[in-house]
Every structure is written in C-alpha cells, then in structure tokens.
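Here the structure is laid out as structure tokens; the discussion comes afterwards.
Values reported hereafter were calculated over all heavy atoms of this structure, with side chains retained and with hydrogens, waters and symmetry mates removed. Residue numbering restarts at 1 for every chain, and letters A, B, ... go by the order of the sequence lines.
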Number of protein chains: 2
Amino acid sequence: MDRIIHKRGQVAQETVDKVNAIIEEFGYKRNIMASNLALNKKFHFAIFLPKSETLEYWKSQIDGIEKAALEFSKFGIVLDYFFYDYNLASFKESAKKIMQFECDGLLFAPIFYEESVQFLDEYKKKNIPVVMIDSNISEKNEYAYVGQNAFQSGYLAGRLISFAVKNERQILIFKITREIESTSVYLQRIKGFYSYFKDHDELTNFKFSEVTLKDSGIDQLSMEMFLGVNSVFVPNSRAYIVAEFLEKNKIKGVRIIGFDLLKENIEYLNKGVIDFLINQRPEDQGYLGINYLYKKLVLQEETEKIHYIPLEIILKENYFPAK
Amino acid sequence: MDRIIHKRGQVAQETVDKVNAIIEEFGYKRNIMASNLALNKKFHFAIFLPKSETLEYWKSQIDGIEKAALEFSKFGIVLDYFFYDYNLASFKESAKKIMQFECDGLLFAPIFYEESVQFLDEYKKKNIPVVMIDSNISEKNEYAYVGQNAFQSGYLAGRLISFAVKNERQILIFKITREIESTSVYLQRIKGFYSYFKDHDELTNFKFSEVTLKDSGIDQLSMEMFLGVNSVFVPNSRAYIVAEFLEKNKIKGVRIIGFDLLKENIEYLNKGVIDFLINQRPEDQGYLGINYLYKKLVLQEETEKIHYIPLEIILKENYFPAK
DNA sequence: TATATTTGCGTGTGCGTACACGGTGTTTTT
DNA sequence: AAAAACACCGTGTACGCACACGCAAATATA
C-alpha cells in the first residue's frame, strides 16, 4: 500500500493499478496527521536574512517568523538562522554556509539582485522549496514569494503625490542607499513611480530630479537640494532622514512619501512632516513565509506561490499602533 | 497519565502532584496530532450568516470560509451553514435553529445589533467558542472578532474627504439601508466620520447633511439632494447607487467615498466617479474566522481574540484585481 | 466477618500511517 | 540441478495519545 503511494517500487504494475483504482474509487486521502506521526520527522527551515539589528524592519520580519515558529513547533518545525551584514562579502559567506547546510526548506530575502540570482541558480539543484520575502526575483517563478509588488507600490506613490494637486510641481526622488545600490525593490519602486506619471498625460507639469546619498554621507544633505521642491519621494524606509533635515532647517510645505512604519518615520508622520507611508507589514511577511513552507512541506499542500501583501497607505489619521 | 491531564478524576492527589512535577521537569507537551488522531473526532462549526445571494460581499466571505474549510477538512472540520434573509424574522428563526444545534464552534455575523446581543447572551450558556466577523459587539469581549474597526474606518473616511481641500465644503452622508437601520457597523462608521471633523478644529468650514433612503425606495433619489454638495460619504457598500445617479444626471465634481470592492463600485471607481473605497477584505475575514476556531478547538491554542483587518484604501490607481 | 461498593491504577487496543522484516515464488547463475 | 539472487507481498511494530476494561486495594454495608 504505502509502497505504491511512496513509489518505493517492489510492487507489480498490476497490483499498482488495482490499488490505484480502489484509491480513486473510494476517494482515499492519506491522513497527514497520522503520516507525520509515523514519520516522526523534524522539518528544518533555513532562514537567510540580513541581521535584524541592522534595521527595525528586519526585526519585525523576525518577529513574525518566530511567532510562526512557535505556533508550528508542534508539527516538528525547527528554524536555523543564517544572518548576514548588509554587504556583499557577508552575504556571500552566509550563502556558502547555506549551500552546505542540510534542510527541508529555505526562507530567503534576495536583497542583492545579481548575487541572489546566482545563489538561487546554484541552490536549484538541491531541489528544496524556497520562499522569498521582501523582494521578489520574478524570473525565478519556480519559487514562492511573499511581499509587495514593488512596481505597483511605486506607482501608488506617484498617485499619492499627485493627489489633488493641479499646479506646477517639482518632485525630488531621494535615494539614500547603503553600499550597494542595486537592491531590487528599490529600483522597481522608482520605475513604478515614473510609470504613473507616464500613464497620465495631464500631469506634464511635474518636474523630476534625483539625489543619491550613501548611508555614510548623510551630512552631505544641503538646503540647495530642496530648492523649489514640493514633494519628496523616498523609495525606501529612510524617509525620516529627509524629514529630520527639513524640520531642523524649518523648511515647510514639502510633501514627503516613504515606506515602512519605523519608529522614526511614525514620529514624523505624527508631526505632520511625513505625509504618507506605505506599510509592507513585515511581521505578516515573516509569518506567511514560514506558513508557506509549513503548508508545502508538513501538509504537502499546493499553495499559491505568490502572496502579495496589500499596499497599505498609512496617514497620520489611520495609524493605530498595536497595543 | 491522561486521567490527570484531562482531570477525569480517579487519581490520588499524591499521584497527580508527582506526575505534574515530572511534566514540569521535562517540559512535556502533548502532541496534538496524536491526540486528535486518537480522539478521531469531527469538529462541527456552525456558520451563521446572511444569505450569500443577497450581496457580493457575503459571497466573498463564504469564499474565504470554504477555502479554509477545504484546507482544514483534513483535521476533521465540518461546516454547517445557517443562512438567513436580510430581515429580523428570518434572523430570529435561524437563531433558534442554532440554539438547538449541537456544534463545537460558531462563526457569526452580528448584523442586527440588539437581536445579536440577545442571541449571544442566550448562547453563552452553551459555552461554545464564538467568532464574530464583519461587525463586532464590543461589550461581548469574551468572544473573538475578525473584521475592521468600524469607528476608525469612518474616521479615516473623514480624513480622505478632507484631503487637500481647504475651501468651503458641503458633505452629504448618504444612508441607503434595508429594512433595519440599526446595523452596528454602519452607525459606528458615521460616528467615526463625524469624530474626525470634531477632532480637527481647522475644518469648521465643512457643512453636513444627511439623507436616508430605504433599499426599496431608490427611485426617490433626486437632484435636489445634491444641490451644492461637494462630497458624499456612503457608510456601506452602496456607493455605486449614488455614483450611478450622479453619472446619469451628469453631475460632476462630486467626490464619493464608500466601502467594499463590489463589481459595481469598482466600475465607478475605474470611471473616476467614485474616488475612494475602503476594502474590508471579506474573503480574508471568512478565512481568518474559521482559522480562529481551528486554532482554538483543534490546536487548542490561545490566540489573539481580536483581529482587525487593515483599512485598505483603494483608489483607481491601486486596484489590481486578483487574476 | 463476609460481601458489596468505591477508588486508584496498570494494561491493552485503536486512531491511520511508515517502514523493516521475513516469507514465498520466480528467475538467474554456476 | 542445486544454489543464489531477485521480485513481490503480508505482517508486525512503532509513532503519541485516548479511552475502556479489569484487577487490586481501600472503604462501606450488612
């Protein structure tokens, strides 16, 4: 019986057919609870993420992951963490470790585009289910993804900036990056942002400029950058840096839109310096990532490969912190 | 051993203590999979909702519920539906049936406030877990709730209406109800809506008026109702009715805000007649409702009693239908 | 004191599945 | 033709738990 189901051979084709017929007939479904009980197996999930200390955002992801881990521990799920610092060398080092590590599933945040593609190509031969969170590598459609559609989030940002404004507008796209600039989400958002204005011909009176700063060179912020600027789009979670500068220098009437509910961002949102934040629900992402692997491996269900987190628009008026 | 855990008596206190000590010592956790396997029990969930034919919104709720049912059927979950027409008589009739029905959990949409309170009071003595969806009866905090915070959704609507508008404003609150007017969500939303303007003194130049129509009397819509009106707030899913009327009568420049992604609402959203819709994610509500009962009864976990669905603001530009 | 009743506790079986083992019949090798 | 190898299949045990049964000891009743 189980020899047929598990295709372990040792059975005559004739018998296989006979049993399969009966399985069809009675609509037999294997009881996963009993199966896993008999298997008595631990499921090891590798977690491949940036260090949570680096950013509050990743801390939330971990929170969601741990919540799921606790909940699913009764099904034999065990997590093994592989953190890396926010740079390529550290990323590659961890990648190597994971290649050697034996596990049943992988949760992965492909921050660095090129290197992630490379890593996944190599990881493919292990034939282990992978779920990406935060950023998606869309060409890798054999893998699952939990996170936002970055392009659309940029597009929405465009809409929000143009909100009820008909007059001349000068828009600044403010890029504050770490070492690497090529993180995929980030670029997709900017692409989506521009797309919104391309799709709306009536908005020709909008003018764009871009500024790029490295994380290490925040002190290069200057008043000149904001000359004549009405709106600032920060395509990552660093909107608070712009907000802080504007507040300090008493520049008013500039609309800011950014991402993620970091403490600092919320602070300036409540002060009215930041106008919009798009929330990515990082905790949900983490939870749902683990949930995907659980469904895939423990329950052996086929699940939707792509789970887009809603583009949640947070204004001062609809931010209600979870108590 | 199990006699102690299940407190079935028949054990000397001395032995109980001894075993409990050892349980503590080794951190024993009962294996729910094995437990349920041995129990070999079916979990019956009663579903107490308005007929899904009445509204697309409830259809989505059912979709989510069925999705969950399919997924959890392997854990022995069986659903028993109790639908009622959108009126008190039918509601009470179904309520009676449910009172007599033997089940392990109840999913319930307390549409009619007074009667729901009454029903829940009576149902309490059955000592069966209940999860409410869509509307919350907040004083019944022994029960779980999945849905939005209705007050806050009205508050947000207020914010959206006042968006970037400094001039004089005439706001119409358009109530299209069925037989009963006292559905709780609906009133809470209006309360929240007014609250926004109360909290913001600078918005004194906003004027309000209200119109109430019964579902049966839509033909009473008239041009006069919209004289001088700049914005319309529809505190339920019937925004499309206002939109249709305005479009037919070529009244332009009126901002409409409503709830729920019904087909008709989406149609007018895409046409630009409706400006905002607040999505309640009915499918998620249904799914999460069942999910709560599953966690509570099958896994015997303690879960968050209240799960607020995000206030998802849908504009023409960020509506991306699930393909 | 003998018998009936209660209380405490060990054991056995079953839930539905996985897997190892051992037995039978068939084919290949020497 | 005997020995070895192989393909096929039934059975037993284990997974962790729930529950019924039945035995022994403690207590109550006659």
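Applying the salt bridge (charged side-chain N to carboxylate O under 4.0 Å, His left out) definition to pairs two or more places apart or across chains, those involving residues 67-82 of chain A are A/E71-B/K295, A/K74-B/E301.
Here C/dA18 presents its P atom at 12 Å from CE of B/M33, a figure rounded to the nearest Å. Taking atom CG of B/N31 as the reference point, atom P of C/dT17 lies 16 Å away to the nearest angstrom. As a whole-Å value, the separation of A/N36 CG from C/dA18 P is 9 Å. Taking atom CD1 of residue A/I32 and atom P of nucleotide D/dG16, one finds them 18 Å apart after rounding to whole Å. Here the P atom of nucleotide C/dG16 and the CD atom of A/Q300 are 18 Å apart, to the nearest Å. In this structure, the CZ atom of A/R30 is 20 Å from the P atom of D/dC15, given to the nearest Å.
Legend: residues meeting ring pair (Phe, Tyr, Trp, His ring centres under 6.0 Å) with B/Y292, ordered by chain and number and at least two apart, are absent. The ring pair (Phe, Tyr, Trp, His ring centres under 6.0 Å) test applied to B/F75 returns B/Y294, not counting sequence neighbours. Every ring pair (Phe, Tyr, Trp, His ring centres under 6.0 Å) that A/F108 has, sequence neighbours left out, goes to A/F48, A/F119. Scored by the ring pair (Phe, Tyr, Trp, His ring centres under 6.0 Å) test, B/F82 finds B/F101 as partners (sequence neighbours excluded). Partners of A/K96 under the salt bridge (Lys or Arg N to Asp or Glu O under 4.0 Å) rule, at least two apart in sequence or in another chain, do not exist in this structure. For B/D104, the side chain to side chain contact (heavy atoms under 4.5 Å, CB included) partners at least two apart in sequence or on another chain are B/K41, B/F43, B/H44, B/L297.
For the ring pair (Phe, Tyr, Trp, His ring centres under 6.0 Å) with A/F91, the qualifying choice from A/Y86, A/F112, A/Y113 is A/F112, the only one to do so.
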Begin from the C-alpha positions of B/F83 and B/Y81 and carry the test ring pair (Phe, Tyr, Trp, His ring centres under 6.0 Å) through to its verdict. CA-CA 6 Å; B/F83 292 119; B/Y81 291 98; 5.3 Å; yes

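Distances shown here put every side-chain N or O of B/S35 at or beyond 4.0 Å from the OP1 or OP2 atom of D/dG16.
Rounded to 10°, the angle separating the first-five-pair axis and the last-five-pair axis of the helix from C/dT1-D/dA30 to C/dT30-D/dA1 equals 50°.
Of the residues in residues 37-45 of chain A, A/A38, A/L39 come within less than 4.0 Å of DNA chain C through at least one heavy atom, sorted by number.
The residue A/K74 sits apart from the nucleic acid: no heavy atom pair falls under 4.0 Å.
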